[in-house]
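What follows is a single structure, written as structure tokens, with notes after it.
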Amino acid sequence: MTQQQYPVLWPMPTRWADNDHYGHVNNVTYYSYFDTAVNAWLMSATGTDIRELPALGVVAQTSCQYLGSISFPDELRVGLRISRLGRSSITYDLAIFRVAGDDLDLAATGVFVHVYVDHETRKPVEIPAVIREAAAALVVD
């Protein structure tokens, strides 16, 4: 995977608390980076506080493949693209890149599936139009 394969490269700082006893970013923190990048991008791309929509995107599936080590104070970019835009779900293909001078080194890849549910009933509903419109720009073949 290369950075050119991702329409969005969302900046993500590492934090002191991200490192574990072994001196690298703990594996569970990668999931936090995915979650933060997807939701921050959605808010930026839609100009909407997505928490106030009548439908919520809840995580139904997530996975991560670790390819390289990262550590505080590394600067990161989270690559975002969409491999599937369904009626009620979005499948994001993600990558974490470590900034290395003028280059980006691939540290991890992942998948993140949002299923949209009614805010009150928690039953699946169609993706809100404002989300669908923004997401369409990230769909790749």
Side-chain angles (χ1 to χ4, degrees), residues 1-86 88-141:
M1 295 292 155
T2 65
Q3 67 192 56
Q4 290 79 15
Q5 293 173 291
Y6 295 87
V8 170
L9 294 171
W10 195 263
M12 183 67 56
T14 55
R15 304 165 304 165
W16 177 264
D18 293 347
N19 282 7
D20 63 16
H21 183 73
Y22 302 110
H24 64 264
V25 168
N26 189 271
N27 59 323
V28 299
T29 306
Y30 288 66
Y31 291 97
S32 175
Y33 296 154
F34 291 157
D35 201 18
T36 298
V38 166
N39 287 296
W41 173 79
L42 280 170
M43 290 176 130
S44 175
T46 64
T48 301
D49 185 340
I50 59 174
R51 298 170 295 181
E52 296 176 2
L53 294 173
L56 306 171
V58 296
V59 177
Q61 178 185 344
T62 187
S63 65
C64 184
Q65 182 178 10
Y66 305 96
L67 303 168
S69 185
I70 55 178
S71 181
F72 176 83
D74 287 340
E75 293 180 45
L76 309 175
R77 299 293 179 269
V78 179
L80 289 92
R81 64 185 189 184
I82 293 173
S83 59
R84 183 178 179 281
L85 182 57
S88 63
S89 67
I90 301 174
T91 302
Y92 294 89
D93 288 337
L94 305 161
I96 295 177
F97 296 95
R98 184 178 63 82
V99 176
D102 291 336
D103 296 323
L104 295 179
D105 294 336
L106 183 62
T109 59
V111 174
F112 190 89
V113 179
H114 262 164
V115 173
Y116 282 84
V117 298
D118 181 85
H119 192 275
E120 299 300 320
T121 68
R122 300 294 201 244
K123 294 188 188 276
V125 296
E126 287 191 30
I127 298 166
V130 67
I131 300 288
R132 179 174 293 284
E133 184 177 326
L138 298 188
V139 174
V140 296
D141 294 329

To the nearest 0.5 angstrom, please state how far the [atom1] atom of [X] sits from the [atom2] atom of [Y].
{"X": "Thr48", "Y": "Met43", "atom1": "OG1", "atom2": "CE", "value": "9.0 Å"}
{"X": "Leu106", "Y": "Leu67", "atom1": "CG", "atom2": "CG", "value": "5.0 Å"}
{"X": "Thr46", "Y": "Arg132", "atom1": "OG1", "atom2": "CZ", "value": "14.5 Å"}
{"X": "Asp105", "Y": "Ser69", "atom1": "CG", "atom2": "OG", "value": "11.5 Å"}
{"X": "Asp103", "Y": "Arg98", "atom1": "CG", "atom2": "CZ", "value": "10.0 Å"}
{"X": "Glu75", "Y": "Leu104", "atom1": "CD", "atom2": "CG", "value": "10.5 Å"}

Taking the side chain as everything from C-beta on, heavy atoms only, tell me whether [X] gets closer than 4.5 Å to [Y].
{"X": "Pro128", "Y": "Tyr116", "answer": "yes"}
{"X": "Val59", "Y": "His114", "answer": "yes"}
{"X": "Leu94", "Y": "Thr109", "answer": "no"}
{"X": "Arg77", "Y": "Val99", "answer": "yes"}
{"X": "Ile96", "Y": "Tyr33", "answer": "yes"}
{"X": "Ile131", "Y": "Leu42", "answer": "yes"}
{"X": "Cys64", "Y": "Tyr31", "answer": "yes"}
{"X": "Val130", "Y": "Leu53", "answer": "yes"}

Would you find a donor on one side and an acceptor on the other, under 3.5 Å apart, between the side chain of [X] and the backbone of [Y]?
{"X": "Thr29", "Y": "Val25", "result": "no"}
{"X": "Tyr66", "Y": "Asn27", "result": "yes"}
{"X": "Thr62", "Y": "Val111", "result": "yes"}
{"X": "Thr14", "Y": "Asp74", "result": "yes"}
{"X": "Ser44", "Y": "Ala40", "result": "no"}

[X] versus [Y], closest heavy-atom pair with distance:
{"X": "Leu138", "Y": "Pro7", "result": "CD2-CB, 3.5 Å"}
{"X": "Leu56", "Y": "Arg122", "result": "CD1-NH1, 3.0 Å"}
{"X": "Arg15", "Y": "Phe72", "result": "C-CD1, 3.2 Å"}
{"X": "Ser88", "Y": "Val125", "result": "CB-O, 2.9 Å"}
{"X": "Asp18", "Y": "Pro13", "result": "OD2-O, 4.4 Å"}
{"X": "Leu80", "Y": "Ala37", "result": "CD2-O, 4.1 Å"}

**Prompt:** Between Lys123 and Asp118, is there a salt bridge with N-O shorter than 4.0 Å?
**Reply:**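 A salt bridge is absent here (no side-chain N lies under 4.0 Å from a carboxylate O).
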**Prompt:** Regarding Arg81 and the six-membered ring of Tyr6, is the cationic atom NZ or CZ under 6.0 Å from the ring centre and inside 45° of its axis?
**Reply:**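 Arg81 over Tyr6 ring: yes.
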**Prompt:** Would you say Gln5 has more than 12 foreign heavy atoms packed within less than 6.0 Å of its CD?
**Reply:**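 Above 12, so yes.
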**Request:** Indicate whether the side chain of Asn19 and that of Ser71 have a donor and an acceptor atom separated by less than 3.5 Å.
**Result:**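 Present: a donor and an acceptor within the cut-off.
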